[in-house]
Amino acid sequence: MTKKSDVKWNKFNLLWALNLFGTAVGAGVLFLPINAGQSGFWPLIIIALIVGPMTYFAHLGLTRFILCSSKKGSNITEVVEEYFGKSAGKLITFLYFLAIFPILLIYGNGITNTVDTFLVHQMAVMPPNRALLSLMLIASLIGVMLLSEKTMLRITEFLVYPLVFILFVLSIYLIPKWNIATITELPTLNQCLSTLWITLPVLVFSFNHSPAISSFTQSQQRQYNHPDTTEKHASHTLKLASTLLLIFVMFFVFSCVLSLTPTELSQAKNQNISILSFLANKFHNPYISYLGPLVAFLAITSSFFGHYLGAKEGLIGLMQKIMPHKHLSHKKLNYLTALFFFLTLWSVTILNPSILGLIESFGGPVIATILFIMPMYAIRKINAMQRYRGHLSNVFITILGLFTISAIIYKLF
């Protein structure tokens, strides 16, 4: 029996909640208001009501999926093989890696572009050598991931606090500019449903921290010995991460949407610029133009760490499945994967290709399937997870997962 004292909040849980928050809040948060607000205020209310439970229950399902493994300390690729067999294990491991790795490439490219643009336009310096700049930035990011888990969590904490603060300050700053008249404009039911369907994929990926869930779950198991205690702490941490995302991200979205008309949001989408760039241009505010690159830098860096954990897990899983008889130490695997990621990220960043967004889109259905559908399917089919059957949240997550996948596939084809 787990005592109440076993589940009191502590710094360890807070650091992981911030890490999960940082993993979710990538540069996509700067485009979320543009996608979510084009039909006005009221569809946002529906989005705000569902996004918190959706984020929490989906990631809790994936966490339980890993915790129910018969072997403590297993990662997601090992648990898939345990539940569904070797062939399914290899396939899902490959797809899992294929879904997360391109996002890592995009972040490596994105942080270089962000710093380069800031130096040229805000600091008025000569354009730096791209190869040298990307070498320094990517080496620094991967260097952090080679440090201890405790150090990585502390660096993420250092990044996330100012990110939360800036998002909050910007949201407050925009309040006097809110156009309350938009609240009286009632969309049709068809417009509400259409907006919700189209926005679901953007919501899922703006709140998605699944690449870090496996490392998070293993870390919880190392910290707490008893399975029930581990699950309770994991659940509390996920709840805090989801609450932080709901409050700070959705407040930012509401504040931006109420400050702009649907026509202006459409203009921002057509111009393919972030919401902060559009706001800076509209209100002629130099501070917002300076804060935009800073928010992007903080968001990309903190999100990079979480996605690196997922991509590394997928790559190690692939290596172990391709070479099952080749036993390498954990330290060697860490350095080998770091070298692979450094070389690929640096090469892609120097080339600066424009097709990365398309590759990322193809990973969308895979992430949505792994996060929403796979844990719910396992609850129905795997005896180890039978205690979670019969919950209404399972139906809720399954329906939202299917809608998300259908919307992504519709947008692709």
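Residues: numbered from 1 along the sequence shown.
A distance of 11.0 Å separates CZ in Phe101 from OH in Tyr308, rounded to the nearest 0.5 Å. Note that the CG atom of Asn109 and the OG1 atom of Thr114 stand 9.5 Å from one another [nearest 0.5 Å]. To the nearest 0.5 Å, the span separating CD1 on Ile106 from CG on Asn113 amounts to 11.5 Å. Glu149 contributes atom CD, which lies 8.5 Å from atom CG of Leu309 (distance to the nearest 0.5 angstrom). To the nearest 0.5 Å, atom CD of residue Gln223 and atom CD of residue Gln218 are 14.0 Å apart. Taking CD1 from Ile350 and CD1 from Ile138, the interatomic distance works out to 8.0 Å, rounded to the nearest 0.5 Å.
Within 6.0 Å of atom NZ in Lys381, 12 or fewer heavy atoms from other residues, nucleotides or ligands are found, so the atom counts as exposed in its surroundings. Summarising the local packing, CZ of Phe118 is surrounded by more than 12 heavy atoms from other residues, nucleotides or ligands at distances under 6.0 Å. Atom CZ of Phe94 sits in a sparse spot, with 12 or fewer heavy atoms from other residues, nucleotides or ligands closer than 6.0 Å. Within a 6.0 Å radius of CZ in Arg222, more than 12 heavy atoms belonging to other residues, nucleotides or ligands are found. By the neighbour-count criterion of 12 heavy atoms within 6.0 Å, atom NZ of Lys177 is densely surrounded, having more than that number from other residues, nucleotides or ligands. Within 6.0 Å of the CZ atom in Phe165, the count of heavy atoms belonging to other residues, nucleotides or ligands does not exceed 12. Within a 6.0 Å radius of OH in Tyr377, other residues, nucleotides and ligands contribute 12 heavy atoms or fewer. Remark: Leu132 CG is packed, more than 12 non-hydrogen atoms of other residues, nucleotides or ligands lying under 6.0 Å away.
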One pair to check against side-chain hydrogen bond (donor to acceptor under 3.5 Å, both in side chains): Glu82 and Ser70. What are the steps and the verdict? CA-CA 9 Å; Glu82 178 188 337; Ser70 60; 2.9 Å; yes
CA sep, side-chain torsions, deciding dist, call: Thr243, Tyr56, side-chain contact (heavy atoms from CB on, under 4.5 Å): CA-CA 8 Å; Thr243 304; Tyr56 170 65; over 6 Å; no
Kindly indicate, with the supporting measurements, whether the criterion side-chain contact (heavy atoms from CB on, under 4.5 Å) is fulfilled by Cys68 and Ile382. CA-CA 10 Å; Cys68 285; Ile382 305 301; over 6 Å; no
Begin from the C-alpha positions of Tyr96 and Thr77 and carry the test side-chain hydrogen bond (donor to acceptor under 3.5 Å, both in side chains) through to its verdict. CA-CA 8 Å; Tyr96 181 65; Thr77 64; over 6 Å; no
Starting from the C-alpha separation in whole Å, work towards a yes-or-no answer on side-chain contact (heavy atoms from CB on, under 4.5 Å) for Ile76 and Ile213. CA-CA 9 Å; Ile76 192 169; Ile213 286 294; over 6 Å; no
Evaluate side-chain contact (heavy atoms from CB on, under 4.5 Å) for Thr337 paired with Ile316, printing each intermediate quantity in order. CA-CA 7 Å; Thr337 51; Ile316 290 174; 3.6 Å; yes
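Annotation: side chain of Ile66 is not in contact with side chain of Asn75 (no heavy-atom distance under 4.5 Å). Taking the side chain as every heavy atom from C-beta outward, Met145 and Asn334 never approach each other to under 4.5 Å. Put simply, the side chain of Ile92 reaches to within 4.5 Å of the side chain of Met374, judged on heavy atoms. Contact check for Phe31 versus Lys269: no side-chain heavy atoms found under the 4.5 Å cut-off. Between Phe21 and Leu245, some side-chain heavy-atom pair lies under the 4.5 Å cut-off. Leu18 places a side-chain heavy atom less than 4.5 Å from the side chain of Tyr161. Contact annotation: the side chain of Tyr224 never approaches that of Glu231 to less than 4.5 Å [non-hydrogen atoms, C-beta and beyond]. Side-chain contact between Ser406 and Trp197 is present, with heavy atoms from C-beta onward closer than 4.5 Å.
In this structure, the side chain of Ser235 does not engage the main chain of Lys232 through any donor-acceptor pair within 3.5 Å. Formation of a donor-acceptor pair under 3.5 Å by the Arg154 side chain with backbone atoms of Leu15 is not found in this model. For the pair Tyr83 (side chain) and Ser69 (backbone), a donor-acceptor distance under 3.5 Å is present.
When only modelled atom types and interatomic distance are considered, Thr188 and Asn190 share no side-chain donor-acceptor pair under 3.5 Å.
Contact check on Glu264 versus Lys282 returns a salt bridge, with a Lys/Arg side-chain nitrogen under 4.0 Å from an Asp/Glu carboxylate oxygen.
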Please list every donor-acceptor pair under 3.5 Å in which a side-chain atom of residues 247-260 meets a protein atom from a residue at least two apart or in another chain.
| from | atom 1 | to | atom 2 | distance (Å) |
| --- | --- | --- | --- | --- |
| Ser255 | OG | Ser171 | O | 2.6 |
| Ser255 | OG | Trp178 | NE1 | 3.0 |
| Ser259 | OG | Ser255 | O | 2.6 |

